[in-house]
Protein chains: 2
Amino acid sequence: MRSALRDEPVSVLDRILAILDTVRESHGTTTITQLALATGIPKSTVSRLVGDLIRQRYLTRAEDGVVIGLRLFELGARASTPRRLSIAALPVLAELFNATGEHLNVAVQEGRDMLSVISVRGRLRPVPSRAGVRVPSATTALGKAVLAFTSDESILASVMAGLDPQRRHMLERELATVRTESVAVDRCETFPGVVGVASPVLSPERLPVAAISVAGPVTNMDANRMMPLVRHAALALTHRLALQVA
Amino acid sequence: MRSALRDEPVSVLDRILAILDTVRESHGTTTITQLALATGIPKSTVSRLVGDLIRQRYLTRAEDGVVIGLRLFELGARASTPRRLSIAALPVLAELFNATGEHLNVAVQEGRDMLSVISVRGRLRPVPSRAGVRVPSATTALGKAVLAFTSDESILASVMAGLDPQRRHMLERELATVRTESVAVDRCETFPGVVGVASPVLSPERLPVAAISVAGPVTNMDANRMMPLVRHAALALTHRLALQVA
DNA sequence: TGCCATGGTCCCACTCACTGGAACATCGGC
DNA sequence: GCCGATGTTCCAGTGAGTGGGACCATGGCA
């Protein structure tokens, strides 16, 4: 990992990860040429690296290009945080789903975004978020629930930096409310017609480890009814996680 | 990717993938030293590579070692085959679950193993297979359903090579039955007390793309009742996949 | 308190694995 | 048959990666 100057990767590892991420970002399939353009790596080098990755099943050839392969699926399925959370959250989500019937999510902070780790389909169509997708921190209920309790000032600052002063002020006031209420709301800020209600899951040190949310159509989901349910679910998950470690 | 002779990886890519796979295989956490021993890569090199992978969030440091990180989870969630299958299989699985209430799996062939791609929990405890885990081809219903229709003679041969002559003969006869019945059964061969019933999902060219299975306790699940249900589900999935491409 | 064992990181001269430009295939489309 | 676009292969040159060893934690033990 020599020069990470500029954004041109030079180490093999950087390049491999750049290729994998580019394949991921290109929803659907990508070609070698597109990868070379997007990453700035010469075409012959991309061809060789992709060839190796395909041989190892980390990538696969589809009809019209390259896609993520089964080995990465296998690796991803063993990821530590999602597994731990899943085990602890499953009964909690089952209860919450029985009470609401709505779309549920458990997400963790990943850089300045929230990354959905578990997703339960409710009646909402199309499904706004699935496990493994990123949603913005500044507008989603999940994001606000975590931001309100985050200790990493730099992340909070960089999220704030992306907002104009007015919205920033509003978000700051909102986060203060979240800190007392333990519930955050997203009224069609991220997805039109979709309301989200989320509550943070904290570690014993009161640092945010995740958030749990309910999302439904603005037309006929009562956010106020959801708040105590989500808060209760988040507390239950917090409790179960504390037990799990021991 | 120079010499893949012996099993000592020399290319950076080989080494990175060897490290990732070793972390995956070590259920739980691994240390740098353990990784160096398992992969045959010098400790200083492992330290550097793991450091880079952690910086990129492909791995994460846990209390007692290194575990799979969130970026790999994100990549895995975008894997092509599991996504396509999930979209097509969800309604089919819902129907099958309503009819049975048992543990369901959709799996694909991955080398000589079957890799579970979707898993629905039934009443069975402990859950024998989850999404992202490998199960043997020779003994599971899923494996037999696919092996019976596989065109890759080398895989069939290498699975057979792992069996003693008597078992090999039995499996061959079993596969012949599967070819006519489109249903394979695993009577406690893989997991004690667990019966599995599976049916293959074929491409328009009649090549196996996946298999779908029901698993339940040998004590009170009626395999014969499951057979038509599983067969019907597999046909429905086959049909939906054929439509999806178009 | 000192000592050893264990696990992890860092340094830096050497060298071989990786690079990438260019030539070569391959596939339509007109 | 020509052209453009995409993917693969070749190979000499070289700098990215290597790894032995020094160094820095811990922590158990006497």
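What you see below is based on every heavy atom in this structure, not just the backbone, and it leaves out hydrogens, waters and symmetry mates.
Atom CG of A/Asp14 is separated from atom P of C/dC18 by 15 Å (rounded to the nearest Å). Here C/dC16 presents its C1' atom at 17 Å from CG of B/Leu13, a figure rounded to the nearest Å. Per the geometry, CD1 belonging to A/Ile16 stands 11 Å off C1' belonging to C/dC18, to the nearest Å. For the pair A/Asp64 CG and D/dG7 P, the computed distance is 11 Å after rounding to whole Å. As a whole-Å value, the separation of A/Leu37 CG from D/dA5 P is 12 Å. The CG atom of A/Asp52 sits 13 Å away from the C1' atom of C/dT19 (whole-angstrom rounding). If you take CD1 of A/Ile19 and C1' of C/dC18, they are 13 Å apart, rounded to a whole angstrom. Here the P atom of nucleotide C/dG21 and the CD1 atom of A/Ile41 are 13 Å apart, to the nearest Å.
Using a 4.0 Å cut-off between charged side-chain N and carboxylate O, B/Glu189 and B/Lys144 make a salt bridge.
No donor-acceptor pair closer than 3.5 Å links the side chain of B/Thr150 to the backbone N or O of B/Val146. The backbone N or O of A/Val209 sits nowhere less than 3.5 Å from a side-chain atom of A/Ser203 that would complete a donor-acceptor pair. In this structure, the side chain of B/Thr39 engages the main chain of B/Leu35 through a donor-acceptor pair within 3.5 Å.
Other residues, nucleotides and ligands contribute more than 12 heavy atoms inside 6.0 Å of the CZ atom of B/Arg24. In the displayed structure, A/Arg130 atom CZ is contacted under 6.0 Å by at most 12 heavy atoms of other residues, nucleotides or ligands. For A/Arg206, the CZ atom sits in a loose shell: 12 or fewer heavy atoms of surrounding residues, nucleotides or ligands are nearer than 6.0 Å. Applying the 6.0 Å contact sphere to CZ of A/Arg78 captures more than 12 heavy atoms from other residues, nucleotides or ligands.
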Atom pairs under 3.5 Å: protein N/O with N/O of nucleotides 5-11 of chain C:
residue: C/dG8; atom: OP1; partner: B/Ile32; partner atom: N; Å: 3.3
residue: C/dG8; atom: OP2; partner: B/Ile32; partner atom: N; Å: 3.1
residue: C/dG8; atom: OP2; partner: B/Thr33; partner atom: N; Å: 2.8
residue: C/dG8; atom: OP2; partner: B/Thr33; partner atom: OG1; Å: 2.7
residue: C/dG8; atom: N7; partner: B/Lys43; partner atom: NZ; Å: 2.8
residue: C/dT9; atom: OP1; partner: B/Arg61; partner atom: NH2; Å: 3.2
residue: C/dT9; atom: OP2; partner: B/Ser47; partner atom: OG; Å: 2.9

Output a table of nitrogen or oxygen pairs between the protein and nucleotides 25-29 of chain C separated by less than 3.5 Å.
none

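Closest approach of A/Val92 to A/Leu237, counting heavy atoms only: CG2-N, 4.1 Å. The minimum heavy-atom distance linking A/Leu142 with A/Ala211 is given by the pair CD2-O, 3.6 Å.
Recorded end-axis angle for the helix from C/dT1-D/dA30 to C/dC30-D/dG1 stands at 40°, based on five pairs per end and rounded to 10 degrees.
Listed pair B/Arg15 / D/dA16 fails the phosphate criterion, with no side-chain N or O lying under 4.0 Å from OP1 or OP2.
Side-chain contact between B/Tyr58 and B/Ile16 is absent, with no heavy-atom pair separated by less than 4.5 Å.
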